[in-house]
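Computed from a prediction, not measured in an experiment: that's the story for all the values here.
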Amino acid sequence: MSAIHTPSSFDLQGHRGARGLRPENTIPAFLCALELGLPTVEMDVVISADEQVIVSHDPWMDATICSTPDGSPVPKNEARSHNIFEMPSEKVVQYDCGRRPHPDFPEQKSMPASKPLLREAIQKVEEAGREQERAVFYNIEIKSRPRWQGTYHPDPKTFARLVYDEVVDQGVRERTILQSFDPRVLKAIRSFAKPVRIALLVSQQHDQGIDRNLEWLDFTPSIYGPDYRLVDEELITQAHDRGMQVIPWTVNARSDMEQLARWGVDGLITDYPDRGLFLLE
């Protein structure tokens, strides 16, 4: 059984690729993160009607950034009707989610971009990694929520299996983190034959302290992934004492990056990977 690999440096991760600089969760965003020298690209995945793993934060077409195949913007009140779980993948890729500027990210360079299949994204990243003569790491969030089951995604075990099988088939399992807020997904991944690094995500809204949060699992994950506003030195010590790394999200101010690094986090996830390059020095 092949060993799990981890970055040798601080694990600076580009959120949704490099969301502050390129359209989120697109191949241009992932390639931008690689060009900057990041060890890890972070992305989100959902499932299409034909059970293809699609790189997307939402299981529908976001009205803020997406346009329909005919070029018209997705109406805000109709976004959830553009349900990826009800679309074949060949239709999903006809939507554009990169041309329209994102109002919250003025530094983002707009360009035509579709939501790629996970395997397509991995293949493009692997190709770029070979050109740079280095191995690239992946952090893939499985966007599962109990209230979405059956409407926007399959049951947790099926969802987890589809994603897990893809990273195995693409030969990147040893360099991949699978993360989720949904402990049902993480427990399913834990049951699969070949190991993969697992991260438990924790939001401010649902945080009950590290002990209670971990009670939702019947194992200790490789990584504890809290909202960065939940992090202090005590939390880092508690996680490290349990054998977990701490990789918080989403850290965009340099002052916060500096503080977290001083406290001893093992990595962080940021929309602006160019702001965190000092952490790799």
Side-chain angles (χ1 to χ4, degrees), residues 1-19 22 24-48 51-57 89 93 113-144 157-180 185-186 188-201 221-223 225 245 247 249 266-270 273 280:
M1 185 175 292
S2 55
I4 296 295
H5 303 295
T6 60
S8 58
S9 62
F10 185 89
D11 196 2
L12 183 63
Q13 303 186 10
H15 185 227
R16 308 188 197 180
R19 187 188 190 195
R22 298 290 188 274
E24 66 176 63
N25 278 318
T26 64
I27 289 172
F30 304 137
L31 297 182
C32 177
L34 263 64
E35 289 167 5
L36 289 168
L38 268 65
T40 303
V41 290
E42 191 268 356
M43 63 186 73
D44 310 281
V45 292
V46 300
I47 303 298
S48 66
E51 293 196 329
Q52 298 300 303
V53 185
I54 305 293
V55 181
S56 177
H57 180 265
S89 55
V93 300
S114 62
K115 295 180 182 293
L117 275 67
L118 177 60
R119 65 172 173 271
E120 178 188 7
I122 291 174
Q123 288 164 4
K124 292 293 186 181
V125 170
E126 289 293 286
E127 180 181 335
R130 286 191 294 270
E131 291 176 357
Q132 295 182 2
E133 299 183 338
R134 69 183 180 98
V136 181
F137 293 82
Y138 300 85
N139 187 1
I140 302 172
E141 181 182 345
I142 297 174
K143 302 299 292 188
S144 172
K157 189 166 186 178
T158 299
F159 198 165
R161 172 59 76 178
L162 289 168
V163 179
Y164 175 87
D165 284 351
E166 196 69 84
V167 300
V168 171
D169 290 346
Q170 296 303 317
V172 298
R173 173 187 57 82
E174 299 91 340
R175 291 180 274 126
T176 296
I177 299 164
L178 294 180
Q179 64 176 1
S180 185
V185 165
L186 302 182
I189 295 166
R190 176 73 170 179
S191 71
F192 299 154
K194 297 179 180 179
V196 65
R197 297 173 76 203
I198 294 173
L200 173 65
L201 294 173
S222 305
I223 297 164
Q245 289 188 319
I247 302 180
W249 53 274
D266 302 282
L268 59 84
I269 300 171
T270 178
L280 303 178

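The CD atom of Glu131 sits 10.5 Å away from atom CD of Glu133, with the distance rounded to the nearest 0.5 Å. Here CD1 of Ile247 is found 9.5 Å from OG of Ser222. Values are rounded to the nearest 0.5 Å. A distance of 12.5 Å separates CZ in Arg197 from CD1 in Ile140, rounded to the nearest 0.5 Å. Here Ile54 contributes atom CD1 and Leu162 contributes atom CG; the two are 11.0 Å apart, rounded to the nearest 0.5 Å.
Heavy-atom minimum distance, Gly129 versus Val136: CA-CG2, 3.9 Å. Across Pro7 and Thr40, no two heavy atoms sit closer than the pair CG-OG1, 3.9 Å.
Shown here are the side-chain hydrogen bond (donor to acceptor under 3.5 Å, both in side chains) partners of Ser180, two or more places apart in sequence or in another chain: there are none. Residues passing the side-chain hydrogen bond (donor to acceptor under 3.5 Å, both in side chains) test with Asn139 are Gln13, Gln179, sequence neighbours excluded. In terms of the salt bridge (charged side-chain N to carboxylate O under 4.0 Å, His left out) criterion, residue partners of Glu24 (sequence neighbours excluded) are, by chain and number, Arg16, Arg19. Legend: residues meeting salt bridge (charged side-chain N to carboxylate O under 4.0 Å, His left out) with Arg161, ordered by chain and number and at least two apart, are Asp165. Contacts of Arg175 classified as salt bridge (charged side-chain N to carboxylate O under 4.0 Å, His left out), with partners at least two apart in sequence or in another chain: Glu126.
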Practice task
Decide side-chain contact (heavy atoms from CB on, under 4.5 Å) for Leu31 and Arg22; before the verdict, give the C-alpha distance in whole Å, the side-chain angles of both, and the deciding distance to 0.1 Å.
Solution key: CA-CA 9 Å; Leu31 297 182; Arg22 298 290 188 274; over 6 Å; no
Practice task
Determine, stepwise, if the pair Tyr164 / Thr176 fulfils side-chain contact (heavy atoms from CB on, under 4.5 Å).
Solution key: CA-CA 10 Å; Tyr164 175 87; Thr176 296; over 6 Å; no
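Side chains of Pro195 and Arg173 form a contact here, defined as non-hydrogen atoms less than 4.5 Å apart. Counting only heavy atoms from C-beta outward, the side chains of Val55 and Phe30 approach each other to under 4.5 Å. Taking 4.5 Å as the limit, some side-chain heavy atom of Leu12 sits within range of a side-chain heavy atom of Leu38. Put simply, the side chain of Tyr138 reaches to within 4.5 Å of the side chain of Val125, judged on heavy atoms.
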Please report, to 0.1 Å, the donor-acceptor pairs under 3.5 Å made by any side chain of residues 117-124, with sequence neighbours excluded.
from: Arg119; atom 1: NH1; to: Gln52; atom 2: OE1; distance (Å): 2.6
from: Arg119; atom 1: NH2; to: Gln52; atom 2: OE1; distance (Å): 3.2
from: Gln123; atom 1: NE2; to: Gln170; atom 2: OE1; distance (Å): 3.3

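At most 12 heavy atoms of other shown residues, nucleotides or ligands fall within 6.0 angstrom of atom CD in Glu51.
Residue Val163 forms a side-chain contact (heavy atoms from CB on, under 4.5 Å) with just one option from Thr158, Ile189, Leu178, and that option is Leu178.
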